[in-house]
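First the structure, in the form of structure tokens, and then the observations on it.
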Amino acid sequence: MAINSRLLETNLIPIKIFNMQHTFESAQPLTFYADYYIRENMIKYPSNGRILELKHSGSINDGSISAIGSNTIYALQEVKKRFRLQDRMNYIYSKIDTDTFMSESIKKYFGMRVTMNDPWETTVVFIISQFNNVKRIRLITKKLMEHFGTPIYDEHNMIIGHNFPTIESIAKASETDIMSCGPGFRGKYLKSAAQTCMENLDLYSLNGKNYYKIKDALMSVHGIGEKVADCIALMGYGKTEAFPIDRWVKRVMERIYFKKEQKIDKIADFANSRWGKYAGYAQQYIFWNGRSIGVI
DNA sequence: ACCCAGGCGGGCG
DNA sequence: CGCCCGCATGGG
């Protein structure tokens, strides 16, 4: 309590082992709709009806996040949840640092966190992500927000951004309007997923369920398969045992651990037994490092 | 011009 | 089951 009130007064949230740039850039939901200012080491994004501006200062090992000009109490809980402040990074690193490739990946992207995001927002961005590239996922997501998200105003009544589109707004949108945002063949998945989430599946009732229940429920949605379901389980529900296998992860795993082509199921089993509850963290480092080095 | 991108559903054997 | 194919779109 004493600590909390001090934090509120100073508007500083301590965070150890955190690299904002790697966390932002590594193709997680924030990559697709936030803006990052490298010079200020500041991230800016809409959250729950307001624009949040968060600045990271200090060092990667021992720094702090401050919320600029916004509701401090709200920012405190948002940061705590979004960047998973409950994670003991040294402990997690000790669990996933199993070999030279993992050591190299952790060293290179030290402080990259797995983020915790809204389930619906996570669902949308990862439906868009399929057979797509990071730049275009971002382009499409931003267009959807401008088109379907309600505007956010500053104190002078100027529009300073848009909220993420609600489930309802996508469910009742016309196909033409959705397609004008450039999703291509994923447009039909977006709309039907939104309709399913209105009628048959309450995404928010899945909070607190176990990994398998969440994954099964997600995969019942047309347009969500294994990989996207795992991404949502990991980044939308915080299930760190989820191990999404996309083409990059598959290539790295085959190259580094199997030395030959391998089925997805075998790779998933291997990851589960090797990294267990923190396979999702391992995956994020494998994915991002593998992608950066072009899988050797 | 050609290739690729954080996959998926559908159809076939 | 497992396998293979098409899929919209934009950037390198």
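To find a chain, count down the sequence lines: A is the first, B the second, and so on, and within it residues start at 1. This is a predicted model, so every value here is computed, not measured.
Between the NZ atom of A:Lys250 and the P atom of B:dA5 there is a distance of 13 Å, rounded to whole Å. Computed from coordinates, the A:His222 NE2 to B:dG7 P distance equals 17 Å when rounded to whole Å. Following rounding to the nearest Å, A:Ile137 (CD1) and B:dC4 (P) show an atom-to-atom distance of 18 Å. As a whole-Å value, the separation of A:Trp288 CH2 from B:dA5 C1' is 13 Å. Residue A:Ile264 contributes atom CD1, which lies 17 Å from atom C1' of C:dC1 at whole-angstrom precision.
Heavy atoms of A:Ser26 sit under 4.0 angstrom from at least one base atom. As judged by a 4.0 angstrom heavy-atom cut-off over every strand, A:Met219 is placed among residues making no nucleic acid contact. Among the heavy atoms of the strands, none lies under 4.0 Å from A:Ile245.
The side-chain heavy atoms of A:Glu226 and A:Lys215, taken from C-beta on, include a pair separated by under 4.5 Å. When side chains are defined from C-beta on, A:Ile43 does not count as touching A:Tyr37, because their heavy atoms never get closer than 4.5 Å.
Put simply, A:Tyr153 and A:Phe164 are part of two different groups of oily side chains (I, L, V, M, F, W, Y) that touch within less than 4.5 Å, one to the next.
Comparing A:Val221 and A:Phe287, the nucleotide of DNA chain B nearest to each residue sits closer to the 5' end for A:Phe287.
Relative to the ring axis of A:Tyr74, A:Arg50 places its NZ or CZ within 45° and under 6.0 Å from the centre.
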key: For DNA chain B, the dot-bracket pattern of Watson-Crick and G-U pairs whose distances stay under 3.5 Å, | for other-strand partners   = .||||.|||||||
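Of the candidates A:Tyr281, A:Tyr278, A:Tyr285, A:Tyr285 is the only one forming a side-chain hydrogen bond (donor to acceptor under 3.5 Å, both in side chains) with A:Tyr93.
Between the P atoms of C:dA8 and B:dG11, the separation comes to 15 Å (whole Å).
Salt-bridge formation is not detected for the pair A:Glu254/A:Lys259: no Lys NZ or Arg NE/NH1/NH2 atom is positioned less than 4.0 Å from an Asp or Glu carboxylate oxygen.
Between the side chain of A:Ser105 and the backbone N or O of A:Asn289 there is no donor-acceptor pair closer than 3.5 Å.
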query = How would nucleotides 3-12 of chain C be written as a contact map, 5' to 3', with B for base contact, S for sugar-phosphate-only contact and - for no contact, using protein heavy atoms under 4.0 Å?
reply = S---BBBB-S
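Proximity of the aromatic rings of A:Tyr257 and A:Trp275 is defined here by a centroid distance below 6.0 angstrom, and this criterion is met.
One side chain, A:Ser292 or A:Tyr109, offers a donor N or O that lies under 3.5 Å from an acceptor on the other.
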